[in-house]
Amino acid sequence: MLQVSAIEDHFDEMILAFSKRGIKNIEEQLRSVLQLNNKRKSAQQELDALLQESNQLAKQIGQLYKEGKQDEANEAKEQTISLKEKSKELGEALNKLEEELTSALYNIPNVPHPSVPAGQTDEDNELIMTSTDQLPELGDDAKPHWDLIQDYDLIDFELGNKITGAGFPVYKNQGARLVRALINYFLDEATNAGFAEVRPPIVTNEASGRGTGQLPDKEGQMYHITDTDLYLIPTAEVPVTNLYRDTIQAEADLPIRNCAYTPCFRREAGSWGSHVRGLNRLHQFDKVEIVQVVKPENSYQVLDEMVAHVEKLVKSLELPYRILRLCGGDLGFTSALTYDFEVYSAAQKKWLEVSSVSNFEAYQANRLKLRYKNADGKKVLAHTLNGSALALPRIMAALVENNQIANGIKMPKVLKDYLGFEVISKKL
RNA sequence: AGAGGAGUGGCAGAGUGGUCGAAUGCACUGGUCUUGAAAACCAGCGUACCGCGAGGUACCGGGGGUUCGAAUCCCUCCUCCUCUGCCA
């Protein structure tokens, strides 16, 4: 969530920046935050004064009892009755104001970075670069990945349907091996680039969901285990970033750089349709995530470095790719700037999103109470960033489609040692 | 899962109804002494909110309650430890 002080200091710039997201009533919302905050302050002051009075009275009463002045003590007690009532009322009012303020702040998304293009849909995203002007053309007999994975017995959706339901594929044979190879390759690359590997829990509590911003806004996107009130993670961002919730980091410990492999679970309520076949959209998928906690002045340079890391990965897999800067309308709620990576899936003739790299600035840090002590000894909110490096299923889809040959599927060279084979072939 | 015990400042650890935001030790910061260092000594040393400031308020795992007054009593939740049970 945004800091009230930031809203106070940059009111007009914010309204201008928010226009890129195309949200209505933003000025109203910001004004009401400031109003609520002022009300909160004066209620606080009033309450503090009342409490001061009753604290003093209580001390006097104690003193009077000690001196054996029962009557005077009892007299003083009478006075506290009305004070108590008043402060109880005020306390409740203050709590309500604080709740309203927090919920108002929770409803306001992050402020888009100046470079974010205005726009409503993914059509308005800004193309930063494309790896090739010549998209691969396959012959007419080229098959989409959902056919290929059957031909080569790589993934069984029917089995997944049986044991769980739609969107939970069962990887088999060289398909399962490919998943494992990609996870190991991505983790190795991240580790080599200086990201310390962690293995977090893949179910988290509500506080963690709130910390990174999945809750309360996107409740419907996560699987909720109601009997223990826990959530299956939609991305490793949740547990990994929350590792640092409620902490004050030493300046010397920044940047914090982590990578993690986790399965990810998404309900994808309402986003299903005939256009999502095969691996294009799943309820459970595998992903390696990179996360950083940095000093504010470094966060955009770090964002570029993370983009470069992801680009290196995609390039090494020999897939055609492009990088987009998301427009205001497509930008995630908590993000200030996001770059998406898409790879070209040649049989579907479609670009598929395989990575999203974002700078959240202090938006998550404010919810997380994630701060560091700067050189002056002041506690400052850190900036958080994360990126997929990478999400597996669509990478697999593109690899399988783009590299199909007469009697097999060629695998990129970088995976050879991880796979133990160079070509996916039919079982004899 | 059942029974019992415990959660206090960076750490250790006092404190069981008022003078406790909290003893003491360690750590840390500044100073004195010293050629330098150590030791010793002196001083400082939690967080958040409000206030120009003086200062005020809140916080002893979280939430609620009793009381004029709660770290201290009660309820509830969470976490940890011990024993019993179960189980990769």
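Protein chains get the first letters and strands the later ones, always in sequence-line order, with residue 1 at the start of each.
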Report task. Provide the distance between the two C1' atoms, one in B/U66 and one in B/U72, to the nearest whole Å. Result -> 13 Å
Query - Atom-to-atom span, CG of A/Leu381 to P of B/A48 - whole angstrom - result: 11 Å
Query - Whichever of A/Lys88 and A/Lys373 has its nearest RNA chain B nucleotide further upstream toward 5' - result: A/Lys373
Query raised in the report: Do A/Ser316 and A/Tyr185 get their side chains close enough for a donor-acceptor pair, meaning under 3.5 Å?
Result: yes
**Report entry** Flag side-chain contact, heavy atom, 4.5 Å: A/Leu319 against A/Val354
**Finding:** no
**Report entry** Separation between the C1' atoms of B/G15 and B/A70, rounded to whole Å
**Finding:** 13 Å
Report task. Measure from CG on A/Leu97 to P on B/C50 and round the result to the nearest Å. Result -> 14 Å
Report summary line: A/Leu230 CG to B/C78 C1', in whole Å, measures 13 Å
Requested in this report: Pick the P atom in B/G31 and in B/A12, then give their distance to the nearest Å.
Outcome: 30 Å
**Report entry** Side-chain donor-acceptor contact under 3.5 Å, A/Asn205 with A/Ser208
**Finding:** yes
Query - Exam field: side chain A/Glu401 to backbone A/His145, donor-acceptor pair closer than 3.5 Å - result: yes
Query - Gap between atoms CG and C1', on A/Asn37 and B/C50 respectively (whole Å) - result: 11 Å
Report task. Determine the interatomic distance between C1' on B/G62 and the same-named atom on B/U8; round to the nearest Å. Result -> 15 Å
Requested in this report: Return the value, rounded to whole Å, for the distance between atom NZ of A/Lys41 and atom C1' of B/A48.
Outcome: 14 Å
**Report entry** A/Lys410 and A/Val423: CA distance, side-chain angles, deciding distance, side-chain contact (heavy atoms from CB on, under 4.5 Å) verdict
**Finding:** CA-CA 4 Å; A/Lys410 281 170 61 183; A/Val423 178; 4.2 Å; yes
Query raised in the report: Rounded to whole angstroms, how far apart are CG on A/Leu36 and P on B/C50?
Result: 15 Å
Report task. Evaluate the salt bridge (charged side-chain N to carboxylate O under 4.0 Å, His left out) criterion for residues A/Glu318 and A/Lys413: first the C-alpha distance (whole Å), next the side-chain angles of each, then the deciding distance (0.1 Å), finally the verdict. Result -> CA-CA 9 Å; A/Glu318 300 166 51; A/Lys413 291 187 286 293; 3.7 Å; yes
Report task. Determine the Euclidean distance between corresponding C1' atoms of B/A58 and B/A71; express it in Å to zero decimal places. Result -> 14 Å
Query raised in the report: Yes or no on salt bridge (charged side-chain N to carboxylate O under 4.0 Å, His left out) for A/Glu27 and A/Arg31, after CA distance, side-chain angles and deciding distance?
Result: CA-CA 6 Å; A/Glu27 183 167 351; A/Arg31 274 194 206 292; 2.7 Å; yes
**Report entry** Whole-Å C1' distance, B/A40 and B/C33
**Finding:** 9 Å
Requested in this report: Would you tell me whether A/Thr235 and A/Lys287 have side-chain atoms, one donor and one acceptor, within less than 3.5 Å of each other?
Outcome: yes
Query - Same-atom distance (C1') from B/U47 to B/G10, integer angstrom - result: 13 Å
Requested in this report: Please state whether the phosphate of B/C50, meaning OP1 or OP2, lies under 4.0 angstrom from any side-chain nitrogen or oxygen of A/Arg40.
Outcome: yes
Query - Atom pair CD1 (A/Ile61) and NZ (A/Lys69), whose distance is rounded to the nearest 0.5 Å - result: 14.0 Å
Report task. Would you kindly give the CD-to-P distance between A/Glu98 and B/G63, to the nearest whole Å? Result -> 12 Å
Query raised in the report: Would the number of heavy atoms belonging to other residues, nucleotides or ligands and lying under 6.0 Å from CD of A/Glu422 be above 12?
Result: no
Query raised in the report: Stem ranges for RNA chain B, with three or more consecutive Watson-Crick or G-U pairs under 3.5 Å?
Result: B:1-7 with B:78-84, B:10-12 with B:24-26, B:28-32 with B:40-44, B:46-50 with B:55-59, B:61-65 with B:73-77
Query raised in the report: For A/Asp246 and B/G61, what is the distance between atoms CG and P respectively, to the nearest whole Å?
Result: 16 Å
Requested in this report: Please state whether the rings of A/Tyr223 and A/His283 are parallel, tilted or perpendicular, taking 30° and 60° as the class boundaries.
Outcome: perpendicular
Query raised in the report: Between the main-chain N or O of A/Ile248 and the side-chain N or O of A/Lys379, is there a donor-acceptor pair closer than 3.5 Å?
Result: no
Query raised in the report: According to the interplanar angle, ranging from 0 to 90°, do the rings of A/Tyr300 and A/His113 count as parallel (below 30°), tilted (30 to 60°) or perpendicular (above 60°)?
Result: tilted
Pairwise N/O distances under 3.5 Å, protein to nucleotides 56-60 of chain B:
unit_1: B/G56; atom_1: N2; unit_2: A/Asp48; atom_2: OD2; d: 3.1
unit_1: B/U57; atom_1: OP1; unit_2: A/Asn55; atom_2: ND2; d: 3.4
unit_1: B/U57; atom_1: O2'; unit_2: A/Asp48; atom_2: OD1; d: 2.9

Query raised in the report: Expressed as a whole number of Å, how far does the P atom of B/C28 sit from that of B/A38?
Result: 10 Å
**Report entry** Per-nucleotide protein contact string for nucleotides 66-72 of chain B, where B marks a base within reach and S marks sugar-phosphate only (heavy atoms under 4.0 Å, - for neither)
**Finding:** --BS---
